[in-house]
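Indexing begins at 1, ligand by ligand and atom by atom, following the structure's order. Small disclaimer: the values here were computed from a predicted structure and weren't measured.
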Amino acid sequence: MGYALAKAFLRQKAQVLLISGPTTLEIPDHVDFIPVETAQDMHDAVARALSRVDIAIFCAAVADYTPEVVAAHKIKKSSDTITLTLKKTVDILGSARSIHGFKGYLVGFAAETEHLEGHAREKLSGKQCDMIIANDVSQQGIGFDSTENEVLIVEAEENTQLPRDSKEHLAHHIAEIILQRAAQKHSQA
Ligand code: C5P
């Protein structure tokens, strides 16, 4: 979705910065591109970029936990079971306003398997977003590893359901809605 959105915003004549973990996708022409490996790298790149952007969209599926200790060498087989201790990764979206003081239009994504709207509303207020784009990842054929998606756009005052469509068409529709809302917010500021 991130790559589809980057292309959709380019078509709307926006200047786009794409910060991405490793993928096999082609980097769209005309975007500024920052490759990152870890959640911490992504956080650091986002923190440096936030003061330069009007709209920030967070749709990377960042791992919530990471190994506490990274072995310098291959872990040799010994006991029958092995326990890895995981620690929480930095919440990049959650830090945008609360720590980095981002004032622009803030959009997060929510991949849920139940209570789609409720969980999205919790994220909207908890992470001080203007919009959450939620999708139900328990449904076959949409979301992760699929070319199609179906989303519920949740804002403070309203919900907008965008029915199942190609990620490319959805991205185009989402970009139009975000640009319109961001302009509204800007004119009211
Ligand atoms: O709370 P949850 O992880 O479900 O929220 C999903 C949103 O948070 C997405 O926009 C995702 O890109 C972002 N996220 C983040 N940092 C993390 C995990 C998720 O910014 N460590």
Contact summary for Phe109 and Leu5, nearest pair of heavy atoms = CZ-CD1, 3.8 Å
Considering all heavy atoms of both residues, which atom of Leu170 and which atom of Glu150 are nearest to each other, and what is their separation?
->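 So the two residues come closest at CD1-N, 3.8 Å.
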Please check if atom CD in Glu158 has more than 12 non-hydrogen atoms from other residues, nucleotides or ligands closer than 6.0 Å.
->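 For Glu158, atom CD is crowded (more than 12 foreign heavy atoms under 6.0 Å).
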Just wondering, more than 12 heavy atoms not from Arg52 lying within 6.0 Å of its CZ?
-> no
What atoms of ligand 1 come closer than 4.0 angstrom to any heavy atom of [X]?
X      : result
Gly108 : 10 (O)
Asp64  : 3 (O), 18 (C)
Thr89  : 21 (N)
Lys127 : 1 (O), 2 (P), 5 (O), 8 (O)
Asp91  : 15 (C), 16 (N), 20 (O), 21 (N)
Phe109 : 5 (O), 6 (C), 7 (C), 9 (C), 10 (O)
Phe58  : 9 (C), 10 (O), 12 (O)
Ala60  : 11 (C), 12 (O)

Between the side chain of Thr147 and the main-chain N/O of Ser166, is any donor-acceptor distance below 3.5 Å?
-> no
Examine distances only and state if a side-chain atom of Arg164 and a backbone atom of Asn149 form a donor-acceptor pair shorter than 3.5 Å.
-> no
Ligand 1 versus [X], non-hydrogen atoms closer than 4.0 Å: side chain, backbone, both, neither?
X     : value
Leu93 : both
Val90 : backbone
His43 : neither

Does the pair Glu68/Lys87 count as a salt bridge with the N-to-O cut at 4.0 Å?
->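 Result for this pair is no, no salt bridge flagged.
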Are Arg181 and Asp130 ion-paired here, with the side-chain N under 4.0 Å from a carboxylate O?
->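 No, this pair does not count.
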Passing candidate, side-chain contact (heavy atoms from CB on, under 4.5 Å) with Leu162, options Leu152, Ile133, Ile174 = Ile174
Please indicate whether any nitrogen or oxygen in [X] is less than 3.5 Å from any nitrogen or oxygen in ligand 1.
X      : result
Lys123 : yes
Val62  : no
Ile92  : yes

